[in-house]
Protein chains: 2
Amino acid sequence: MKRPTLEAVAARAGVSKSSVSRVVNGETTVTPEIRDLVIQAVRELGYVPNGAARSLATQRTSAVAVIVSDPPKGLVSDDPMFSAVVRTVSRELEAAGKQVTLMLAGSPESQLRVEQFVAAGHVAGVMLVSMHGADPLPASLARMGVPMVSLGRVAAGVPYVDNDNVGGARVAVRHLLARGRRRIATITGPLDMVASQDRLAGYRETLRDTGRRSIVAIGDFTRISGAECMRQLLDDDPALDAVFAANDLMAVGALRALREAGRRVPEDVAVVGFDDIEAALYTAPPLTTVHSPMEDQAAATARLLLGLFEGEPGHPVIMPHRLVIRESA
Amino acid sequence: MKRPTLEAVAARAGVSKSSVSRVVNGETTVTPEIRDLVIQAVRELGYVPNGAARSLATQRTSAVAVIVSDPPKGLVSDDPMFSAVVRTVSRELEAAGKQVTLMLAGSPESQLRVEQFVAAGHVAGVMLVSMHGADPLPASLARMGVPMVSLGRVAAGVPYVDNDNVGGARVAVRHLLARGRRRIATITGPLDMVASQDRLAGYRETLRDTGRRSIVAIGDFTRISGAECMRQLLDDDPALDAVFAANDLMAVGALRALREAGRRVPEDVAVVGFDDIEAALYTAPPLTTVHSPMEDQAAATARLLLGLFEGEPGHPVIMPHRLVIRESA
DNA sequence: CTGAAAGCGCTAACAG
DNA sequence: CTGTTAGCGCTTTCAG
């Protein structure tokens, strides 16, 4: 019933624990004969090293924490980014022999849990995903000196991967201007997130540069908020002829609200989203959007962390964006 | 730089390691005075117990593996289920003091990784998510005697939570029949998944019972496959007047293919999906679908596992379904 | 190159 | 109720 230990293997092979340990850990300073003996015994006994004991002895661990800010229930409940990010990151980290410990960090209690967990030395590194700007977690983790990276820019000092949010927003708005749109509104993400702030800034700057005024509704990256904001914008400024949604999910909501309000897209109102999620291809009409490769970003973030383990410096990485023009604008 | 140990706390408080251990582990058999002394020292030193040492000594662990079959890249890439499931399960498990180790099990190598990991005794239990029917993993894990549950029915013997896939499909098809539809096609999920098989069975039975023939296209639960299957079905049987897609993502793809083929929904072709993901509300027209509460299922699965830890039997749980009628049928 | 021995930090009998 | 004493399974000097 109990699993075999190093000692059992040693006994079986008729060698010392040290030799077994060496073989198991792939050290080269072992006579082939002993090596074979050990390998044989390992196989016969089905030996698998005990990680707890190993961590204790080495003071190291191969676990990595992936920390995701967990929004209140319902919000971003089926965020397509979440799935892409978690999958990609897991794949990348697992390929490097790391175990992924997923932790949600929404409530203050869960933040504490995360801090304790990291403080306990359970993980070799931390990867932050889409933290909110005001979040105190990055700072307190940084203080503990654990290697850390972030997907999405956060407080200074933490190496990150991000896309060019300002530039992407600019390109979106310029496109609308180029198509002759005059009254261009925007639906923002939650303003405590850096990505939201940057996309809003890109929108604002571009309009300011051409002497136009901003028309802003504040959403939270969900479809429902996109629909609500769109309705509100239509109320406030019935003459608007374009809207830039800070993500595709909200653009989807906006499309629905426009449809319900009897506006044609893009004839009456042009819509541009951000992210280029797969769903953007299936809206009616298909969504014009700013493509920023989330999978690539996630993979790059994972590799940034792995690089940190190797002693690399960890310079921020900014991924390029690209406007994908489809029928909605 | 090093983190304080139990011993350091004991020294600081002027008591024995045992007493500190007792206090830290919340045993009640400790004099209040000593308790306070220890708590004080813990606070001053910022002591956090070392989990590796604890696991080693107790032969227990608070980690739980959540194993997700990882489809080839691109497939189900932004599956809304994934996000809902992982979030809900994490929340539930974390609330119970468990750490969630996420593992992808797609390739044979990753399967091996998972087996080794579980064999190494790293986890107290395992939760399977949407495994494919032919998957050998459940059986080999079961053999190791680790507590295990599954979200979605798998090989016999593993306690599971699932929805009534057969019943849900029946209700969908009956609804189409009741609306006078005559030629009802279906787009299935990948047939190596039990859920796909069951939904197909429900469709088939219902049609058979009314003397109609089945029209089947085999998809893989992705939007793109939904679109492709729809095109194919239209080719094969241009006179079809309804389609039951085995999930909403494929229904979304089907809607698009129908639109492109110039068919009106629901006038020419009625569409019913399955799952009731949030996106079903935002299609044009909004999707009629079989609601099965994924969040509830995920939570129930997590609790099933927690129950196993408490020695509860672990009876299968079947969640009810409910047809949500919207404009597409 | 191999083996013996000393821990890693914590828990769990067992005395006191 | 508290302290002492063995380990948990593995790595890692350090001799041999």
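Please read all numbers here as calculations on a predicted model, not as lab measurements. Every chain is numbered from 1, with letters handed out A, B, ... down the list of sequences.
Among the heavy atoms of the strands, none lies under 4.0 Å from A:Val24.
Not one N or O on the side chain of A:Glu115 forms a donor-acceptor pair closer than 3.5 Å with the backbone of A:Ser140. A distance-only check finds a donor-acceptor pair linking the side chain of A:Arg3 to the backbone of B:Ala120 [under 3.5 Å]. For A:Thr61 (side chain) and A:Ala63 (main-chain N/O), a donor-acceptor pair under 3.5 Å exists by modelled atom type.
Both B:Ser18 and A:Asn25 lie near DNA chain D, and the one whose nearest nucleotide falls closer to the 5' end is B:Ser18. Between A:Thr31 and A:Lys17, the one whose closest nucleotide on DNA chain C sits nearer the 5' end is A:Thr31.
In the region residues 39-60 of chain A, proximity to DNA chain D at under 4.0 angstrom, judged on heavy atoms, holds for A:Tyr47, A:Pro49, A:Asn50, A:Ala53, A:Arg54, A:Ala57, A:Thr58, A:Arg60.
The number of heavy atoms from other shown groups lying within 6.0 Å of CZ (B:Arg113) is above 12.
Atom pair B:Glu7:CD and D:dG3:P shows a separation of 14 Å (rounding to whole Å applied). Following rounding to the nearest Å, A:Arg22 (CZ) and D:dT11 (P) show an atom-to-atom distance of 11 Å.
The two residues B:Ala65 and B:Val123 have their closest heavy-atom pair at N-CG1, 3.7 Å. Looking at every heavy atom in both residues, A:Gly189 comes nearest to A:Phe221 through CA-CE2, 3.6 Å.
Every residue two or more places apart in sequence or in another chain that forms a side-chain contact (heavy atoms from CB on, under 4.5 Å) with A:Arg12 is listed here: A:Ala41, A:Glu44, A:Leu45.
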Could you go step by step and tell me if A:Val9 and A:Val15 meet the side-chain contact (heavy atoms from CB on, under 4.5 Å) rule?
CA-CA 8 Å; A:Val9 175; A:Val15 300; over 6 Å; no
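Residue B:Ser16 places at least one side-chain N or O under 4.0 Å from the OP1 or OP2 atom of D:dG3.
The span of DNA chain C lying next to chain A, judged by atoms under 4.0 Å from heavy atoms, is bounded 5' to 3' by C:dC1 to C:dG9.
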